[in-house]
Number of protein chains: 2
Amino acid sequence: MTAKAAAAETRTPPVHPMPFVRIELAVLSVLEGALQVLLGRRAEAPMAGRWALPGGVLRIDLDADLDAACQRTARERLGIELPGAVQLAAVGGRSRDPRAPWALSVVYRCMVTPGRLAIEPGKRMAELKWVPAQAAIADDKLAFDHGLLIDKAVQSLRAEVEVLRFAPGLMEQAFTLGELQAASEAVLGRPLDKSSFRRRLDAAGCVKPVPGELRTGAFRPAQLYRLELQH
Amino acid sequence: MTAKAAAAETRTPPVHPMPFVRIELAVLSVLEGALQVLLGRRAEAPMAGRWALPGGVLRIDLDADLDAACQRTARERLGIELPGAVQLAAVGGRSRDPRAPWALSVVYRCMVTPGRLAIEPGKRMAELKWVPAQAAIADDKLAFDHGLLIDKAVQSLRAEVEVLRFAPGLMEQAFTLGELQAASEAVLGRPLDKSSFRRRLDAAGCVKPVPGELRTGAFRPAQLYRLELQH
DNA sequence: TCAAAAGTGTTTGGGTTACACCCATGG
DNA sequence: CCATGGGTGTAACCCAAACACTTTTGA
């Protein structure tokens, strides 16, 4: 019986040591006209005091799959869900993380509207802050390889906005076309032409007017729109 | 001393069980005018006898990082290196693989020229065969979730060919523009216009003539070209 | 009445499609 | 000399940038 168990043990894969698996969150937002990324200051070793992407350990007892692990991590570290989070990449290797001989991180990217996030640090987060994405990518004092990960996140976001595939969470539920253009310009880092931007928008059909709804500001009121789900 | 060790132990992450981590290879090739994917018949349980993507267990003692793990897996299963392999995605969850309570696979995609691969099954591979990608994606009898993974691989390849970013391994070292066009058409699944294809090629500068080199066939000899590395 | 932002039209040019047309070669 | 694939030219067209213009409101 013990022999049989031993045999089964030998045949099953866990005979090989497995890597330390984490989830990292690249949470982005357009704030004050610039694309910013949410960083947390690490409360514990390793790299205590250093700024890093919020993240946590994959818990196979709690998480049904990777996407669920992403959401649980978001709840624990940021106190909110991250609808529309998409997987960016997996990175892994020796000496990525001093806690383990081999560390693998699955990185998620998510857009969040300014209001969504009451920046309240959760477990093991000393502090949270928004940092302009440019500065974060250039900062070589970020923990681990998180600078590279932020770069990847920004690149993939740009590629999507370029072809008018707006991630949910980029805008509030309802917004004016002017606001959408401003957000796109902040992400892309270059100005867009109002006329062609709008023509492209309704050619793509990715945005739908909310009848009757207007935003009344200091000047002429603007039609409000919502994101239309892509095919 | 033991107390200190115990404390360290409690703080270090391996207190949580980690998932079973594998590498899967989506090896694609244009064969007989169609995009095909390399499948292996599983020699062992689970799903013995079923066709699946070649793959293997991540070995943190052997692999320096994920890319290295991909190459080792290719050597062991296929007997060759896979230059130009790119990471596609990571998938993971409970009940993906009966061998473990939680399985995570990092999937790589690679193009291979017809001649490159002497289909010689390696360790734990009963047999290897090329299957048209369309058929493989539609086949619901593939092991695990590999049908979905093949779909992803083909989609990402199409997106690249669409913008003339030819993966190394798509073509032999030297090729005629006609061959490049034929391969692109096979990947995209639609005909391309010769004239505009060529104009786009030299606008993008992604292809460079090899002076003096000609391919002499049944008819007029053709200039040979090589892929130019992108910026 | 003016500033500021919303919203529309028109011109223009670059790039792609579609198609026609020569060129070179082995059979 | 002809079938076949290599290679080039041209006109039509589409899209989007550029820019000017009108509209609407609060101050």
Side-chain angles (χ1 to χ4, degrees), chain A residues 30 32-33 158-166 171-172 174-228, chain B residues 30 32-33 158-166 171-228 230:
Chain A
V30 175
E32 293 155 19
R158 286 212 176 115
E160 290 180 14
V161 170
E162 197 80 62
V163 296
L164 305 183
R165 300 167 68 115
F166 303 105
M171 308 300 295
E172 307 283 351
F175 49 85
T176 71
L177 294 188
E179 291 163 357
L180 181 59
Q181 182 177 344
S184 300
E185 289 171 337
V187 169
L188 297 177
R190 68 181 161 86
L192 296 171
D193 181 79
K194 181 170 51 164
S195 177
S196 34
F197 182 67
R198 292 180 181 206
R199 206 189 332 280
R200 289 205 299 144
L201 277 182
D202 73 59
C206 55
V207 99
K208 194 183 66 189
V210 184
E213 292 289 314
L214 296 181
R215 161 133 336 147
T216 166
F219 305 106
R220 173 176 175 178
Q223 177 63 250
L224 288 184
Y225 292 80
R226 338 185 44 152
L227 288 181
E228 189 78 352
Chain B
V30 174
E32 294 154 21
R158 284 210 178 118
E160 290 181 13
V161 170
E162 198 79 63
V163 297
L164 305 182
R165 299 168 70 117
F166 303 105
M171 308 301 295
E172 307 283 351
Q173 277 234 332
F175 50 85
T176 71
L177 295 188
E179 290 163 357
L180 181 60
Q181 183 177 342
S184 300
E185 288 171 337
V187 169
L188 297 177
R190 69 181 161 88
L192 296 172
D193 181 79
K194 182 168 53 163
S195 176
S196 36
F197 183 66
R198 292 181 183 207
R199 206 186 334 275
R200 289 205 298 145
L201 278 181
D202 72 60
C206 57
V207 98
K208 194 183 65 188
V210 184
E213 291 290 313
L214 297 182
R215 161 133 335 148
T216 168
F219 306 105
R220 172 177 174 179
Q223 176 63 251
L224 288 184
Y225 291 80
R226 337 186 45 153
L227 288 181
E228 190 78 352
Q230 313 294 121

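Throughout, protein chains are lettered first and strands after them, A, B, ... in sequence-line order, and every chain is numbered starting at 1.
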- Task: For A/G178 and for B/F197, find the nucleotide of DNA chain C with the closest heavy atom, then tell me which residue's nucleotide is more 5'.
- Result: A/G178

- Is any side-chain N or O of A/S196 closer than 4.0 Å to OP1 or OP2 of D/dA17? yes

- Item | d(CD, B/E185; P, C/dT17) in whole Å | 12 Å

- Message: Nearest whole Å is fine: how far is C/dA6 P from A/Y225 OH?
- Response: 11 Å

- Query: DNA chain D: A/S195 or A/F219, which has the more 5' nearest nucleotide?
  - Reply: A/S195

- Note on the structure: Rounded to whole Å, the CG-C1' distance (B/L188 to C/dT17) equals 16 Å

- Task: When you get a sec, tell me which of D/dG7, C/dA6, D/dT24 is the closest nucleotide to the side chain of A/P221?
- Result: D/dT24

- Once you round it to whole Å, what is the distance between C1' of C/dT17 and CG of B/L201? 15 Å

- Working for side-chain contact (heavy atoms from CB on, under 4.5 Å), residues A/F197 and A/L177: CA-CA 9 Å; A/F197 182 67; A/L177 294 188; 5.7 Å; no

- Note: for A/E179 and A/D193 on DNA chain C, the residue whose nearest nucleotide lies more 5' is A/E179

- Query: For the pair made of CD in B/Q223 and C1' in C/dT25, what is the distance, rounded to whole Å?
  - Reply: 16 Å

- Are A/S195 and A/R199 close enough that a side-chain donor and a side-chain acceptor fall under 3.5 Å? yes

- Report yes or no: is there a donor-acceptor pair, N or O only, under 3.5 Å between the side chain of A/R220 and the base of C/dA5? no

- B/R200 side chain: which of C/dT17, C/dG7, D/dT8 is closest? C/dT17

- Checking all strands, does A/R199 fall into the base, sugar-phosphate, or nothing category for heavy-atom contacts under 4.0 angstrom? base

- Message: Is any side-chain heavy atom of A/L180 closer than 4.5 Å to one of A/Y225?
- Response: no

- Item | Rounded distance (Å) that lies between atom P of D/dA17 and atom CZ of A/R190 | 8 Å

- Query: Within this structure, what is the CG-to-C1' distance between B/L192 and C/dG15, rounded to whole angstrom?
  - Reply: 16 Å

- Any A/E179 side-chain heavy atom under 4.5 Å of A/E172 side chain: no

- Task: Taking the side chain as every heavy atom from C-beta outward, state whether A/C206 and A/L201 have any atom pair closer than 4.5 Å.
- Result: yes

- Item | Euclidean distance, atom CG of residue A/D202 to atom P of D/dC15 [Å, nearest integer] | 12 Å

